[in-house]
Peer 1: 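One structure, as structure tokens, below. Some questions next.
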Amino acid sequence: MDSKDILKSDVLDIIFEGRNKQYGAYELRKNYRVRARKALIIALVAAGTLASIPVIASLMNKSKKVVKPMTKVTELKAPPPMDEKKPPPPPPPPPPPPVKPQVKFTPPVIKEAEKVSEEEKPPPKEKLEKATASTVNVEGDENAKLDAPVVEKTPVAVEAPKVEAPKAEIFEFVEQMPDFPGGEDALAAYLGKNIKYPKQANEAGIQGRVVLNFVVNEDGDISDIKVARGIGYGCDQEAMRVVNSMPKWKPGKQNGKAVKVSFSLPIMFQLEE
């Protein structure tokens, strides 16, 4: 920096010689006096405003006018004179009479036998029995006309409605399921001994399983035989025939009582090789 420039520059220019003057520190120090002057003016204005608030408030209170409440006396007018020609208003209805207490029942009066009069005594038993029947025949007029014709009604016999006995419930699972006499081995032996392979199925080479559903009744009889799954060619009919000819089963039981139980039985048809 030249000697001429040094005389013209201030301390900040000397300090920030060769440094970044765009940095905030140079700007803050350069304009410090201006900002301090503005801050002082703002502080003086604010202080003056705060100090003048009580004075302004007192002046405003004095400017308000005190309004006294107005009292107005309303004079009551005299009622209009009564017209003697008009009838006076009717008097109010009288209050209802007091309700008398009601007695739900009359208590019986007990009298001594000697004080009861003859009229109060009930008629004797013999007099009542004689008054119930009359032995005098009263004859009517045969030529008298009846107000309405006499219609003789013939009694109609009404049949009592038939009440059907409720059908016994058919169970699917019970505590003790039905069983063929002798068990499963005896059942398999019975089927193998009695089933005859249908000729039509044998010639066509048909094999398979036929599933029958039936009901084991309370007495062990078989009923309601139905084919649940069939293979045809006479095998379904042969299976139904054999099941229908079975001996009585041991019935199923629920709570110790014999009941109807639905049962499914698969029967295998297989050709010998």
Side-chain angles (χ1 to χ4, degrees), residues 104-105 125 128-129 131-135 137 140 146-273:
K104 294 184 179 180
F105 63 94
K125 184 177 180 182
L128 291 174
E129 291 178 354
T132 55
S134 176
T135 57
N137 295 329
L146 298 175
D147 294 338
V150 179
V151 180
E152 295 182 358
K153 294 183 180 181
T154 304
V156 180
V158 179
E159 296 182 0
K162 296 181 180 179
V163 179
E164 296 182 359
K167 295 183 180 180
E169 183 180 359
I170 300 176
F171 295 86
E172 293 185 359
F173 299 97
V174 290
E175 296 174 353
Q176 184 178 347
M177 293 295 291
D179 194 11
F180 186 83
E184 295 182 358
D185 296 337
L187 176 60
Y190 174 83
L191 295 176
K193 181 180 179 181
N194 292 276
I195 287 181
K196 297 180 180 179
Y197 215 100
K199 183 178 180 181
Q200 184 181 2
N202 191 7
E203 293 175 354
I206 300 299
Q207 299 182 109
R209 181 182 287 106
V210 177
V211 181
L212 297 181
N213 288 343
F214 53 88
V215 176
V216 181
N217 297 321
E218 299 91 340
D219 56 357
D221 287 338
I222 305 297
S223 64
D224 298 336
I225 304 173
K226 296 179 182 178
V227 179
R229 178 184 177 186
I231 59 176
Y233 293 88
C235 296
D236 304 343
Q237 290 78 7
E238 178 62 17
M240 293 179 67
R241 182 191 68 80
V242 174
V243 171
N244 194 27
S245 60
M246 281 184 178
K248 288 188 176 184
W249 285 43
K250 184 178 179 181
K253 291 184 178 181
Q254 182 71 13
N255 296 328
K257 182 181 178 182
V259 293
K260 293 178 179 288
V261 181
S262 178
F263 199 88
S264 296
L265 179 65
I267 300 175
M268 188 68 186
F269 286 83
Q270 186 174 3
L271 294 171
E272 296 180 357
E273 296 181 357

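All values reported here derive from a predicted model rather than from experimental measurement.
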Peer 1: Starting at CG of Asn213, measure out to CZ of Phe263 and round the result to the nearest 0.5 Å.
Peer 2: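 Spacing of CG (Asn213) from CZ (Phe263) equals 10.5 Å.
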
Peer 1: With side chain to side chain contact (heavy atoms under 4.5 Å, CB included) as the criterion, how do Asp221 and Lys248 come out once you've worked through the C-alpha distance, each side chain's angles and the decisive distance to 0.1 Å?
Peer 2: CA-CA 5 Å; Asp221 287 338; Lys248 288 188 176 184; 2.9 Å; yes

Peer 1: Evaluate the side-chain proximity of Ile195 to Phe269: yes if any heavy-atom separation is below 4.5 Å, no if none is.
Peer 2: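 Yes, their side chains come closer than 4.5 Å.
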
Peer 1: If we only count heavy atoms from C-beta on, is the Leu191 to Met246 side-chain gap below 4.5 Å?
Peer 2: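 Answer yes - side chains close enough.
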
Peer 1: Considering residues, nucleotides and ligands other than Asp185, do more than 12 of their heavy atoms fall under 6.0 Å from its CG?
Peer 2: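 12 or below, so no.
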
Peer 1: Tell me which one of Val261, Ile222, Ile170 satisfies side-chain contact (heavy atoms from CB on, under 4.5 Å) with Val215.
Peer 2: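 Output: one option passes, namely Ile170.
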
Peer 1: In this structure, which one of Val243, Asp236, Val211 forms a side-chain contact (heavy atoms from CB on, under 4.5 Å) with Ile267?
Peer 2: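 Between Ile267 and the candidates, side-chain contact (heavy atoms from CB on, under 4.5 Å) is satisfied uniquely by Val243.
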
Peer 1: Do the side chain of Gln207 and the main chain of Leu271 share a donor and acceptor less than 3.5 angstrom apart?
Peer 2: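 Looks like yes, one N/O pair under 3.5 Å.
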
Peer 1: So how far is it from Phe214 CZ to Ser223 OG, rounded to the nearest 0.5 Å?
Peer 2: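 These two atoms lie 10.0 Å from each other.
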
Peer 1: Can you name the closest pair of heavy atoms from Val174 and Gly252 and give their distance?
Peer 2: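 Closest approach of Val174 to Gly252: CG2-CA, 4.4 Å.
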
Peer 1: Would you compute the distance between atom CZ of Arg229 and atom OG of Ser264 and round it to the nearest 0.5 angstrom?
Peer 2: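 Separation between the atoms: 12.5 Å.
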
Peer 1: Considering non-hydrogen atoms only, spot the tightest contact between Glu172 and Met177 and give its length.
Peer 2: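 Between these two residues, the closest heavy atoms are O-CE, 3.7 Å.
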
Peer 1: Side chains of Glu175 and Asn255: closer than 4.5 Å at any heavy-atom pair?
Peer 2: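 Yes, at least one pair of side-chain atoms sits under 4.5 Å.
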
Peer 1: Is the number of heavy atoms from other residues, nucleotides or ligands under 6.0 Å of Arg241 CZ greater than 12?
Peer 2: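 Yes, CZ of Arg241 has more than 12 neighbouring heavy atoms, counting only those of other groups under 6.0 Å.
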
Peer 1: Phe180 vs Tyr190 aromatic rings, parallel, tilted or perpendicular, using cut-offs 30° and 60°?
Peer 2: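 Judged by the thresholds at 30° and 60°, the geometry between Phe180 and Tyr190 is tilted.
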
Peer 1: Taking the side chain from Glu238 and the backbone from Lys196, do they hold a donor-acceptor pair closer than 3.5 Å?
Peer 2: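 Yes.
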
Peer 1: Indicate the atoms forming the closest heavy-atom contact of Cys235 with Ala201, along with that distance.
Peer 2: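 Cys235 and Ala201 have their closest heavy atoms at SG-CB, 3.6 Å.
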
Peer 1: Any chance you could measure Lys260, atom NZ, to Gln254, atom CD, to the nearest 0.5 Å?
Peer 2: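 If I round to the nearest 0.5 Å, the distance is 15.5 Å.
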
